[in-house]
S.K.: 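If you scroll down you'll find the structure; I have some questions about it.
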Amino acid sequence: MVRSEIEEQFLWGVATAGHQSEGGNSASDIWALEHTVPTLFSEPSGAANDSWNRWPEDLDIAARLGLNAFRFSVEWSRIEPIRGEIRTEALDHYERVVDGCLERGLAPIVTFNHFASPNWFAAAGSWLAPDAPDLFAAYCERIASRFGDRIAAVITINEPNLEQLLQSGEKLPPAAERLKVQMLASAADDAGTASYFATNVIPADKQEEFQEAMTVGHRAARAAIKAQHSDLQIGVSIAICDETAVEGGEERRDRKRAAVYDHWLREASEDDFIGVQNYERIVHGPEGQVIGHGPRNGMGTVVEPASLAGAVRYAHQVSGVPVLVTEHGIQTDDDAVRQGFITDSLDLLAAEMEVGVPVLGYCHWTLMDNFEWIFGYKPKLGLFEVDRASLERQPKPSAKVYAETIARLREANPRMR
């Protein structure tokens, strides 16, 4: 498989992330925060799913599902665990993963920053440090020069708007926000620095600064990568709910969209695509969020398969560029719910494409149950379950449903082949 072949396909894949799957990412900021006292993290990541060693098995699983794409992240803290010290063995490792994808007919979709960064970067101010864009661009250039000729697409930064989304929807209670601030202060003390930040642990009063800083970082990374490979498809992925409104709720909906999504959607107009990461629908009424009836997902909202098509439609409408669904899934312990959600969501996505919305591919989150950040290993979003003692992977029925749905849609819809 070469890039010209990749570009002719609709990308059917699964999404994973290094820190959540690889295990032992001990030079990262997230690892440090997991072990800080106090900590917002319910448990440490530890060995995760040991994908650092078991990646061939994971790629084999993806290939057997009939997929043609695999999204994973390169972990900056493994490549540069100490500022200025580059570990060529880590670059070698990720190059083997890229080549392993291609050997199995899987187009590599690579995230250059999936929340976790080196501990030294966080301790120096993270994205707010004056030299952060240059540091990130140099790291991205290093990766692109090594194997950028063999990857299908790059996501520079994963969900730079996540904290804004969580705070706008009151997903984190005030007590959690206070603990976050205490944890970051403790981490700064541990590091002997004035401040400490991580990309998915941002205090409420720093949101605007981080948005501006990460925008500069994204632009610097894009320029550095394009200088290496001008034809490489590059974008940013954002967390985006399907924001809808009943009568009288339109102003609240539009205010939420403007505060959480529109900056990055407009920024994406300069990119090759916009990455959409959707898990739920939010319904706005004149007095606030409308809580509907029906089965709930682990996020507390009603299971709504139409949310993906709605989010994709809005993302393309504002950005004007094609959409790559870089994450979509459901948090639930009931795999029967997941099965129906996959089938219905993808049928509605196909219908959206039929009316002209350009979609490049779809990556389901995630291949297997993994470390879900501050919530630890409790949330279940995988197509495979993982025995926490042996780390053995076992397919859930939804894995077969996903494979069968892909086969059916490829047969029925030329745009999804």
Side-chain angles (χ1 to χ4, degrees), residues 15-52 71-83 87 90 94 110-129 132 135-136 139 155-163 165-166 171-172 176-177 179-191 193 195-203 206 210 213-214 217 237 239 277 327 365-366 368-379 381:
T16 65
H19 190 86
Q20 294 176 267
S21 297
E22 289 176 348
N25 194 22
S26 58
S28 73
D29 51 3
I30 304 300
W31 183 280
L33 292 177
E34 292 164 16
H35 296 85
T36 298
V37 180
T39 182
L40 190 59
F41 289 79
S42 61
E43 59 184 317
S45 54
N49 292 337
D50 192 31
S51 291
W52 180 260
R71 180 187 171 200
F72 66 96
S73 70
V74 173
E75 290 300 301
W76 188 358
S77 61
R78 292 188 186 275
I79 292 171
E80 193 175 3
I82 299 171
R83 182 170 179 166
R87 300 291 171 86
Y94 286 117
V110 183
T111 311
F112 284 18
N113 184 271
H114 198 122
F115 293 142
S117 299
N119 186 43
W120 60 262
F121 182 75
S126 185
W127 298 100
L128 301 186
L135 291 168
F136 185 54
Y139 154 71
I155 294 94
T156 56
I157 304 174
N158 180 79
E159 293 187 342
N161 69 327
L162 177 64
E163 286 282 288
L165 176 59
L166 293 175
K171 296 286 188 181
L172 291 178
E177 181 66 25
L179 180 56
K180 178 198 300 183
V181 172
Q182 294 168 4
M183 175 181 68
L184 292 172
S186 180
D189 287 342
D190 292 343
T193 56
S195 64
Y196 195 103
F197 299 109
T199 307
N200 62 345
V201 189
I202 303 171
K206 296 291 184 181
F210 265 86
M214 285 191 282
S237 70
Q277 312 208 156
E327 288 183 22
W365 183 270
T366 178
M368 53 194 158
D369 296 333
N370 61 18
F371 180 74
E372 288 292 341
W373 308 112
I374 65 172
F375 304 105
Y377 291 101
K378 185 176 180 181
L381 290 101

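Every heavy atom of this structure was used, including side-chain atoms; hydrogens, water molecules and symmetry mates were not.
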S.K.: Please report the closest heavy-atom contact between S195 and A188, naming both atoms and the distance.
M.R.: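 What the structure gives for the nearest pair is C-CB, 3.8 Å.
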
S.K.: By ring pair (Phe, Tyr, Trp, His ring centres under 6.0 Å), which residues pair with F197, not counting sequence neighbours?
M.R.: F210

S.K.: Tell me the closest heavy-atom pair linking S73 and H114, and the distance in Å.
M.R.: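 Heavy-atom minimum between the residues: CB-CB, 3.7 Å.
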
S.K.: Where the side chain of S126 meets the backbone of A198, is there a donor-acceptor pair that is under 3.5 Å apart?
M.R.: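 No, because the side chain of S126 does not come within donor-acceptor range (under 3.5 Å) of the backbone of A198.
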
S.K.: What residue pairs, at least two apart or across chains, pass salt bridge (Lys or Arg N to Asp or Glu O under 4.0 Å) with a residue in residues 114-123?
M.R.: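 Residue pairs passing salt bridge (Lys or Arg N to Asp or Glu O under 4.0 Å), neighbours aside: none found.
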
S.K.: Who passes side chain to side chain contact (heavy atoms under 4.5 Å, CB included) against A187, sequence neighbours left out?
M.R.: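 A187: side chain to side chain contact (heavy atoms under 4.5 Å, CB included) contacts with L33, T36, Y196.
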
S.K.: Who pairs with A176 by side chain to side chain contact (heavy atoms under 4.5 Å, CB included), at least two apart in sequence or on another chain?
M.R.: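 By the side chain to side chain contact (heavy atoms under 4.5 Å, CB included) rule, A176 matches L40, L172, P173.
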
S.K.: Any sub-3.5 Å donor-acceptor pair from T16's side-chain atoms to R71's backbone N or O?
M.R.: yes

S.K.: Can you check whether S45's main-chain N or O pairs, donor with acceptor, with E34's side chain at less than 3.5 Å?
M.R.: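 Checking the backbone N and O of S45 against the side chain of E34, a donor-acceptor pair under 3.5 Å is found.
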
S.K.: Quick one: does any side-chain atom of N161 pair with a main-chain N or O of A239 as donor and acceptor, under 3.5 Å?
M.R.: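 Yes: the side chain of N161 pairs with the backbone of A239.
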
S.K.: Once ring pair (Phe, Tyr, Trp, His ring centres under 6.0 Å) is applied, do any residues pair with F115, and if so which ones, sequence neighbours excluded?
M.R.: W373

S.K.: Taking W31 for the side chain and N119 for the main chain, is one N or O donor matched with an acceptor at less than 3.5 Å?
M.R.: no

S.K.: Residues two or more places apart in sequence or in another chain: which of them pass side chain to side chain contact (heavy atoms under 4.5 Å, CB included) with P379?
M.R.: Q331, E372, F375, L381

S.K.: Counting distance only, does the side-chain N/O of S186 pair as donor-acceptor with the main-chain N or O of V37 below 3.5 Å?
M.R.: yes

S.K.: Which pair of non-hydrogen atoms, one from N200 and one from E163, has the smallest distance, and what is that distance?
M.R.: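 Looking at all heavy atoms of both residues, the shortest contact is O-OE2, 3.1 Å.
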
S.K.: Which one of W127, F121, F112 satisfies the ring-ring contact (aromatic ring centres under 6.0 Å, His included) criterion with F136?
M.R.: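 Only match with F136 under ring-ring contact (aromatic ring centres under 6.0 Å, His included): W127.
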
S.K.: Under the rule for salt bridge (Lys or Arg N to Asp or Glu O under 4.0 Å), what residues qualify as partners of E75, not counting sequence neighbours?
M.R.: none

S.K.: Report the residues that fulfil ring pair (Phe, Tyr, Trp, His ring centres under 6.0 Å) with Y94, sequence neighbours left out, ordered by chain and then residue number.
M.R.: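 In terms of ring pair (Phe, Tyr, Trp, His ring centres under 6.0 Å), with neighbours along the sequence ignored, Y94 is linked to W52.
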
S.K.: Ignoring hydrogens, what is the shortest heavy-atom contact between H19 and A116? Give both atom names and the distance.
M.R.: CB-CB, 4.1 Å

S.K.: Please list, chain by chain and in numerical order, all residues satisfying salt bridge (Lys or Arg N to Asp or Glu O under 4.0 Å) with E159, sequence neighbours excluded.
M.R.: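 Partners of E159 by the salt bridge (Lys or Arg N to Asp or Glu O under 4.0 Å) criterion come out as none, since no residue qualifies.
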
S.K.: Which residues pass the ring pair (Phe, Tyr, Trp, His ring centres under 6.0 Å) test with Y377, not counting sequence neighbours?
M.R.: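 In terms of ring pair (Phe, Tyr, Trp, His ring centres under 6.0 Å), with neighbours along the sequence ignored, Y377 is linked to F371.
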
S.K.: For K206, which residues count as a salt bridge (Lys or Arg N to Asp or Glu O under 4.0 Å) partner, sequence neighbours excluded?
M.R.: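 Salt bridge (Lys or Arg N to Asp or Glu O under 4.0 Å) check on K206 returns E209.
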
S.K.: Check side chain to side chain contact (heavy atoms under 4.5 Å, CB included) between S42 and all other residues, then give those that pass, not counting sequence neighbours.
M.R.: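 Applying side chain to side chain contact (heavy atoms under 4.5 Å, CB included) to S42 gives none.
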
